[in-house]
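What's counted below: heavy atoms across the whole structure, side chains too, no hydrogens, waters or symmetry copies. Source: prediction; values computed, not measured. Just follow the structure's listing: the first ligand is 1, and inside any ligand the first atom is 1. Residues take their numbers from the sequence shown, with the count starting at 1.
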Amino acid sequence: MRTTTTSIPCTLLPGDGIGPEITAATLSVIDALGVAFEWHEFTAGATAAARGDDPLPTAVLDDIRETRLALKGPLATPIGSGYRSVNVRLREAFKLYANVRPGRSLLPDGKFPDVDLVLVRENIGGFYVGVEHFIAIGDDPHAVAEATGILTRETCRNIALFAFEYALKHGRRKVTVVHKANILKSLTGLFLETVQDVGRAYADRVLLEDRIVDNCAMQLVLNPAQFDIILTTNMFGDILSDEIAGLIGGLGLAPSANIGKDAAIFEAVHGSAPDIAGQDKANPTALMLSAAMMIEHCGLLDAGGRMRAAILATVAEPSTRTGDLGGPLGTRAFAAAVIANL
Ligand code: NAD
């Protein structure tokens, strides 16, 4: 653990792959902004596992219990086997029931210039609870696979209340609940039913619509401007938020907040991007925007707004974009350009 003496205690997980690079870039902007954090830095995920340590060390959990706040780089998860996602375990451990993923057109010359929506994703239930197993038949140990999705009415109610209250607080007028209740009649049927129930109390202030997830995926590509808040289950939210990132220019631009009653963890939507790790190529915009959300969450609205404005001004200008957006800058030079725009 590294500690620097400043004022807002915050757990820091730079993460795997491009994580350390985009974290360093983000911290340099926060330093220049003059917001004082006391960073408690830890190694987790694949980097910790490679050293033979727990990918989610107890010290990390203890620290977040104290700080109730974390800025997190991406953590890699082995595919098909190996340890369970540390991202999912953190969300469960701190009951981070709401995942907020704003998707806004940041590139004036982008394909979809008028996207301005917020995806609110149920963050701890559904198919991501990890209740799954193989059944062996004969000599095939993987002959059958079974997975169970779990949602409670209370979970659905909490996320619905969060979405409607978020709408009121942020001046949003419409919630579109996205489900698959025609097929998954119980799992996503309960979600739909509960959201509609909660929505009745807000009917005079927030319009509620519903869409089946496949239709929503198509509508997003045809006319993303029709959406204001999309409220959906864990797995659909995971998938649709990457689609939304694609609409606004790519994963490098999509921030997120994991909000619970006892803690909040801020991270980019994207993963550890092993294909470009260690090359000063990663776009740190998503983590920087997540940090701006975190600064606002701490009540520093002016500072968070100033940081976001500097990031937006930097990505709006083609000559100060990173390579993923066709620009000439690397991670470090991009951070310097944001600092110049502060
Ligand atoms: P990914 O998001 O890491 O990468 C997908 C593609 O987008 C890659 O081509 C990558 O180079 C590019 N990309 C992503 N972020 C970028 C950025 N900031 N700048 C420029 N290009 C960027 O997805 P993946 O390859 O499917 O997953 C890699 C690992 O990340 C996996 O282990 C996965 O489990 C993990 N992951 C973690 C999180 C998280 O920590 N919350 C989220 C998603 C995936």
Nearest protein heavy atom under 4.0 Å from atom 11 (O) of ligand 1, yes or no: yes
With a cutoff of 4.0 Å, is K281 in contact with ligand 1, counting heavy atoms of the residue only? no
Pairing donors with acceptors under 3.5 angstrom, does anything connect the side chains of D54 and Y83? no
Any protein heavy-atom neighbour for atom 26 (O) of ligand 1 (distance below 4.0 angstrom)? no
Just checking, any donor-acceptor pair under 3.5 angstrom between side chains of K72 and N258? no
Please determine whether any non-hydrogen atom of V86 lies less than 4.0 Å from an atom of ligand 1. no
Rounded to the nearest 0.5 angstrom, the OH-OG1 distance for Y97 and T155 is 11.0 Å
Do the side-chain N and O atoms of T11 and T67 include a donor-acceptor pair separated by under 3.5 angstrom? yes
So which protein heavy atom does atom 3 (O) of ligand 1 come closest to, and at what separation? A273 N, 2.7 Å
Near L251, which atoms of ligand 1 are under 4.0 Å from a heavy atom of that residue? 2 (O), 5 (C), 7 (O)
As a test of the contact definition, would atom 19 (N) of ligand 1 count as having a protein heavy-atom neighbour under 4.0 Å? yes
Protein contact of atom 9 (O) of ligand 1 - nearest heavy atom, named by residue and atom, plus distance: D275 OD2, 3.0 Å
Any idea which atoms of ligand 1 are less than 4.0 Å away from a heavy-atom of P74? 40 (O)
Minimum-distance protein heavy atom relative to atom 31 (C) of ligand 1: T77 N, 4.0 Å
So, 4.0 Å and heavy atoms of A282: is ligand 1 close enough to count as a contact? yes
of all protein heavy atoms, closest to atom 44 (C) of ligand 1 is G271 CA, 3.4 Å
Donor-acceptor contact below 3.5 Å, side chain E21 vs main chain G278: yes
With heavy-atom distances below 4.0 Å as the criterion, list the atoms of ligand 1 near N283. 17 (C), 18 (N), 19 (N), 20 (C)
List the closest protein heavy-atom neighbour of atom 30 (O) of ligand 1: residue, atom name, distance to the nearest 0.1 Å. S272 N, 3.0 Å
Do E165 side-chain atoms and L168 backbone N/O form a donor-acceptor pair below 3.5 Å? no
E154/T152 under side-chain hydrogen bond (donor to acceptor under 3.5 Å, both in side chains): CA gap, chis, key distance, verdict: CA-CA 5 Å; E154 190 194 359; T152 65; 5.0 Å; no
Counting non-hydrogen protein atoms only, what is the nearest one to atom 41 (N) of ligand 1? Give residue, atom name and distance. E267 OE1, 3.0 Å
Side chain to side chain contact (heavy atoms under 4.5 Å, CB included) test vs F191 passes for just one of V195, L187, T194, namely V195
Does any N or O of ligand 1 fall below 3.5 Å from an N or O anywhere on G73, backbone included? no
Around atom CD of E209, are there more than 12 heavy atoms of other residues, nucleotides or ligands at under 6.0 Å? yes
Would you find more than 12 non-hydrogen atoms of other residues, nucleotides or ligands less than 6.0 Å from R157 atom CZ? no
K169 to F164, cation-pi by 6.0 Å centre distance and 45° axis angle: no
Would you say L75 has any N or O atom under 3.5 Å from an N or O of ligand 1, going by distance alone? yes
Looking only at protein heavy atoms, which one is nearest to atom 15 (N) of ligand 1, and what is the separation? H270 CG, 3.2 Å
Enumerate the atoms of ligand 1 whose separation from the nearest heavy atom of N87 is less than 4.0 angstrom. 37 (C), 38 (C), 39 (C), 40 (O), 41 (N)
Is it the case that over 12 heavy atoms from other parts of the model lie below 6.0 angstrom from the CZ atom of R104? no
I276 neighbourhood, listing ligand 1 atoms whose heavy-atom distance to it stays under 4.0 Å: 11 (O), 20 (C), 21 (N)
Mark up the atoms of ligand 1 that fall under 4.0 Å of a heavy atom belonging to I18, in ascending order. 17 (C), 18 (N)
Give the atom numbers and elements of ligand 1 that come within less than 4.0 Å of a heavy atom of P274. 28 (C)
Side chain to side chain contact (heavy atoms under 4.5 Å, CB included) between T331 and N283, intermediate numbers included: CA-CA 6 Å; T331 313; N283 184 351; over 6 Å; no
